[in-house]
Amino acid sequence: MPGDAGDDMLSWDESVFRDESVFEIDHVPETFRHRESQLESLKYALRPAVRGSRPLNTIVRGPPGTGKTTAVQKLFSELRARTEVRTVRVNCQVDSTRYAVFSRLFEGIFEYEPPSSGISFKKLFGQITDRLVEEDEVLVVALDDVNYLFYENEASDTLYSLLRAHEAHSGAKIGVIVVSSDLSLDVIDDLDGRVQSVFRPEEVYFPVYDATEIYDILGERAKRGFHEGVVGDAELDRIAELTAESGDLRVGIDLLRRAGLNAEMRASKTIAIEDVESAYDKSKHVHLSRSLRGLSDSERALVRVLAANDGEQAGAVYEAFHEETGLGYTRYSEIINKLDQLGVIDAEYADVDGRGRSRELTLAYDAEAVLDRLE
């Protein structure tokens with residue numbers, strides 16, 4: 001009968017999603033699995049703060065998509081709910097200077113933004129520490145994606161100010177959690193000597209999830225985010241397999257959402273393997289999208305130039321970049337180093353006939369995929 005064919009079809013006001021927000025990359029899940037030992041290590045470091053003392057400083061390291069940010073958010077939420085400890089998480093991809101970091105701390109403490117101009121760093125810093133001393137509060141700061149502070153040469157000054165706060169203002173109690181997804185970055189070695197002498201952090205490592213853990217976590221997300229029966233075992237298996245290949249759980253979370261949207265495009269109540277496969281072309285670039293999102297206009301301009309001159313010598317790329325932006329070689333070199341550290345490009349030194357060694361610049365991704373995400 002004609003009506004029977006519609007049993008598996010969505011009507012215009014139906015959705016495969018029970019709660020689509022579950023598939024947002026920054027969603028903090030109710031159930032946080034397979035990170036028990038890491039959470040215990042972080043709790044150990046933070047326990048002195050609950051007693052009114054400065055907590056132990058901590059470095060949280062691990063590849064992208066391994067639960068570092070979620071762990072910090074879960075613990076901060078718990079501290080806010082159960083204790084008087086102040087917690088502020090700073091996204092250093094967005095706030096990548098010392099002043100921007102302290103503006104975010106000011107906002108977290110006073111619950112309004114500082115003036116956008118006319119206030120010196122010294123005054124901003126003083127107001128923060130004065131408040132902490134007056135209220136006898138402990139502040140725990142999470143510098144999430146701290147690698148961006150290193151890319152902008154702001155990490156040492158920022159950490160120095162935080163770690164020396166109790167000396168600049170007696171009674172100020174601040175602890176720091178440094179979160180890095182750049183495994184090539186040695187946080188301690190890359191800091192100034194003056195910071196190294198006072199920064200003796202605990203270290204908590206977040207390894208890549210294994211295939212079983214990925215299946216378990218994505219299954220839990222699917223259960224909360226989709227209506228019953230939307231995603232079958234075979235489809236979830238494939239999503240978990242593709243996620244394991246990427247090593248980034250965020251790929252799988254994005255893949256679930258995009259596969260669901262593909263099913264809706266077909267007006268289907270269930271996700272098919274082809275929905276997963278077609279979604280993967282976009283989901284596999286979730287790390288690229290995130291890296292590009294935080295770039296300035298001049299940095300984005302250089303990425304566009306690189307896409308048009310892929311594989312060319314650095315000098316030729318610079319000429320094209322200078323022509324488009326008017327910026328000089330020093331800024332160009334800084335941006336190249338940042339894009340290389342972000343993994344957007346590969347900058348390899350190569351021998352050039354008669355001219356010694358020069359850097360050869362290539363995109364680490366397909367040029368079309370990069371340009372699509374710059375739009």
Applied to residues 62-75, the salt bridge (charged side-chain N to carboxylate O under 4.0 Å, His left out) test, sequence neighbours excluded, yields none
Residue pairs meeting salt bridge (charged side-chain N to carboxylate O under 4.0 Å, His left out), one or both in residues 126-135, sequence neighbours left out, come to Arg131-Glu135
Apply side-chain hydrogen bond (donor to acceptor under 3.5 Å, both in side chains) to residues Arg61 and Ser180 and explain how you reach the verdict. CA-CA 5 Å; Arg61 293 177 66 250; Ser180 175; 5.8 Å; no
Flag the pair [X] and [Y] as a salt bridge only when some basic side-chain nitrogen lies within less than 4.0 angstrom of an acidic carboxylate oxygen.
{"X": "Asp254", "Y": "Arg257", "answer": "yes"}
{"X": "Arg82", "Y": "Glu78", "answer": "yes"}
{"X": "Glu154", "Y": "Arg98", "answer": "no"}
{"X": "Glu299", "Y": "Arg331", "answer": "yes"}
{"X": "Arg238", "Y": "Glu235", "answer": "no"}
{"X": "Glu245", "Y": "Lys284", "answer": "no"}
{"X": "Arg33", "Y": "Asp216", "answer": "yes"}
{"X": "Asp145", "Y": "Arg290", "answer": "yes"}

Heavy-atom closest pair (Ala320 atom, Val305 atom, distance to 0.1 Å) is CB-CG1, 3.6 Å
Smallest heavy-atom separation, Gln196 atom then Ile188 atom, equals NE2-O, 2.8 Å
Describe, in one word, how the ring planes of [X] and [Y] are oriented to each other, choosing from parallel (under 30°), tilted (30 to 60°) and perpendicular (over 60°).
{"X": "Phe321", "Y": "Tyr332", "value": "tilted"}
{"X": "Tyr148", "Y": "Tyr151", "value": "perpendicular"}
{"X": "Phe23", "Y": "Phe226", "value": "tilted"}

task: Decide yes or no on side-chain hydrogen bond (donor to acceptor under 3.5 Å, both in side chains) for Ser21 and Glu24, but give the supporting numbers first.
output: CA-CA 5 Å; Ser21 70; Glu24 295 294 333; over 6 Å; no
| request: Compute the centroid of each ring, for Tyr160 and then for Phe199, and state whether the two points are separated by less than 6.0 Å. | output: no
Same apolar cluster (I L V M F W Y, side chains within < 4.5 Å links), Leu339/Tyr329:
yes
Answer with yes or no whether the hydrophobic clustering places Val50 together with Phe76; edges join I, L, V, M, F, W, Y residues whose side-chain heavy atoms lie under 4.5 Å apart. yes
- Task: Walk me through it: do Thr58 and Leu42 pass the test side chain to side chain contact (heavy atoms under 4.5 Å, CB included)?
- Result: CA-CA 8 Å; Thr58 311; Leu42 283 168; 4.0 Å; yes
Given the options Thr31, Leu256, Leu249, Arg221 meets side chain to side chain contact (heavy atoms under 4.5 Å, CB included) only with Leu256
Is there a donor-acceptor pair closer than 3.5 Å between any side-chain N or O of [X] and the backbone N or O of [Y]?
{"X": "Ser197", "Y": "Arg194", "result": "yes"}
{"X": "Glu213", "Y": "Asp210", "result": "yes"}
{"X": "Ser77", "Y": "Gln73", "result": "no"}
{"X": "Arg300", "Y": "Leu292", "result": "yes"}

In Glu264, Glu20, His227, the residue satisfying side chain to side chain donor-acceptor pair (under 3.5 Å) with Ser15 is Glu264
